[in-house]
Structure formats: structure tokens, C-alpha cells
Amino acid sequence: MIKVASYNMRKAIGTDRRRMPERTLEVLREIDADIIALQECDRRLGERAGVIPLTMLDEHSPWAAVPVAMRAQSMGWHGNALLVRKGAIIAEPHRIEIPALEPRGAVRADVTIGGVMIRVVGMHLDLSGLWRRKQANAILRELDGCAPHLPCVLMGDLNEWTPQSGCLRDFARDHRFADTGPSFHARRPIGRLDRIMVSPALRIVEAGVHHSAAARKASDHLPIWAVLDAS
């Protein structure tokens with residue numbers, strides 16, 4: 001079994017408007033996933049430094065960041081990062097270029113954990129439905145061109161409010177959605193903006209939204225998670 005999670009951490013700015021990266025780490029430790037896709041993990045200006053300092057991640061967490069950053073102080077690319085449990089084997093870390101009006105991107109890597117290799121994609125899609133569909137199809141084309149084909153997990157903030165339409169329909173052609181539940185807004189979640197999707201080779205054992213006192217304060221999104229059978 002492999003536990004995965006996705007979290008739009010909003011640059012560690014909570015619903016109380018305080019930036020507290022240590023609180024974000026507390027939420028991640030509560031979830032205790034093997035692989036985590038983060039969105040909005042880097043600052044937008046200057047060196048685009050990771051909001052969670054890399055030394056803090058190294059010294060106070062069981063995870064390491066997949067090396068996709070272009071800047072020394074960044075954790076990810078265009079705010080997207082993948083964290084994997086220390087000891088996992090990382091191969092083919094890659095930045096995925098996607099069409100966008102504003103800076104957007106996706107990241108992927110092949111991760112071997114528990115003796116099983118899976119391909120993981122993290123993403124944060126556009127607010128525009130037209131651009132979301134273009135971005136979804138760019139990600140799907142990227143996966144189609146990857147060799148060898150591996151079981152895939154796609155995670156992130158898709159910004160799609162309408163069920164079974166737009167980019168969700170595009171992803172659903174080859175992937176199944178974990179029934180995690182609504183994750184936005186953290187104080188009163190009604191929107192299923194955050195999604196975990198898997199290829200047919202993976203079985204979704206259970207899934208949900210992480211509700212805790214810390215999670216309700218740490219970001220305007222709640223984290224989502226899924227346990228997958230990858231045997």
C-alpha cells in the first residue's frame with residue numbers, strides 16, 4: 001500500500017493570515033503520506049525561495065523534495081513540488097511545460113517505494129476553463145510519450161468546480177478519481193478543486209479529506225489523500 005496526498009499550501013499563509021511554515025509541516029506530518037504533491041510552495045518573487053526552508057524539511061520531516069527546482073532556494077517549479085519519503089528512489093524528475101496565460105507548470109517523477117515504481121505528477125491548473133483543458137491535454141500527451149509506461153498518480157489543484165466536465169472529462173478518459181470529497185474553502189469546504197487521479201493499474205483502497213484543527217487554519221485548502229494498492 002502507498003499513501004499519497006495533495007495540498008495547496010497557499011505559501012503557508014493560513015486562514016488567520018499568518019505565514020507559519022512549521023504549521024504546514026505539522027499538517028503534513030498528521031497525514032503521514034509516502035508521496036505528497038504540493039502547490040503554492042514557493043514565493044512568487046525574487047529567488048522564488050521555498051516557503052518551507054529546505055533545512056527545515058530536511059531536519060524536521062521524513063520527506064525529501066524531488067529535484068525539479070530551477071533555483072537553489074526553491075522547492076519546486078512554478079510552485080509545484082513533489083515530496084517523497086526519505087529512502088525512496090527517485091528517477092526521471094522532470095518539469096512539464098504547459099500552455100498558460102500566467103506562469104503555470106506541472107512536475108513529474110518516477111518513484112520507487114516499497115519495491116513498487118509509480119509515475120507521479122503534481123499540477124496546479126489555470127482559473128480559466130479553456131486553459132485548464134489545454135493544460136490537461138499537455139500533461140496527458142507528456143505521459144503518453146513516457147517510456148516505459150508505469151502506473152500513474154496525478155494530483156493537484158485543478159481549479160475545476162463543475163463535476164464531470166472540462167478538464168475532468170479529459171483526465172477521466174484514462175484515469176479514475178479518488179472520492180476524496182470537498183476541500184475548499186478550508187473553513188467550510190464545498191468545492192472539490194483538489195483531485196487525485198490514478199491509472200487502471202492502481203486500486204484506490206480508501207480516500208478522504210484531512211480535517212484537523214491545524215489543517216483548517218494552515219491554508220484555504222484542506223489536504224486530500226488516498227491509499228493505493230500498487231502491488
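I224 contributes atom CD1, which lies 9.5 Å from atom CD1 of I31 (distance to the nearest 0.5 angstrom). In this structure, OG1 in T24 is found 13.5 Å from NZ in K217, a value given to the nearest 0.5 Å. Considering CG of D170 and CG of N137, their distance stands at 4.5 Å, rounded to 0.5 Å.
Put simply, L82 and I113 are part of the same group of oily side chains (I, L, V, M, F, W, Y) that touch within less than 4.5 Å, one to the next. V121 and I204 fall into different hydrophobic clusters, where Ile, Leu, Val, Met, Phe, Trp and Tyr side chains are chained together by heavy-atom contacts under 4.5 Å. Grouping the Ile, Leu, Val, Met, Phe, Trp and Tyr side chains by contacts below 4.5 angstrom, directly or via other members, places L193 apart from M123. V84 and L38 end up in different hydrophobic clusters when Ile, Leu, Val, Met, Phe, Trp and Tyr side chains are linked at under 4.5 Å.
One N or O on the side chain of S219 and one on the backbone of N8 form a donor-acceptor pair closer than 3.5 Å. A donor-acceptor pair under 3.5 Å is formed between the side chain of K86 and the backbone N or O of D58. At distances below 3.5 Å, not a single donor-acceptor pair connects side-chain atoms of D179 with backbone N or O atoms of A207.
Among the candidates E97, E92, E142, the single residue satisfying the salt bridge (Lys or Arg N to Asp or Glu O under 4.0 Å) test with R108 is E142.
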Exercise for review: Evaluate salt bridge (Lys or Arg N to Asp or Glu O under 4.0 Å) for R48 paired with D42, printing each intermediate quantity in order.
Suggested key: CA-CA 6 Å; R48 311 274 178 93; D42 294 330; over 6 Å; no
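Checked by atom type, the side-chain pair H124/N80 shows no donor-acceptor distance below 3.5 Å.
Using a 4.5 Å heavy-atom threshold, the side chains of N159 and D126 count as separate.
Under the 30°/60° scheme for interplanar angles, the aromatic rings of W161 and F184 are found to stand perpendicular.
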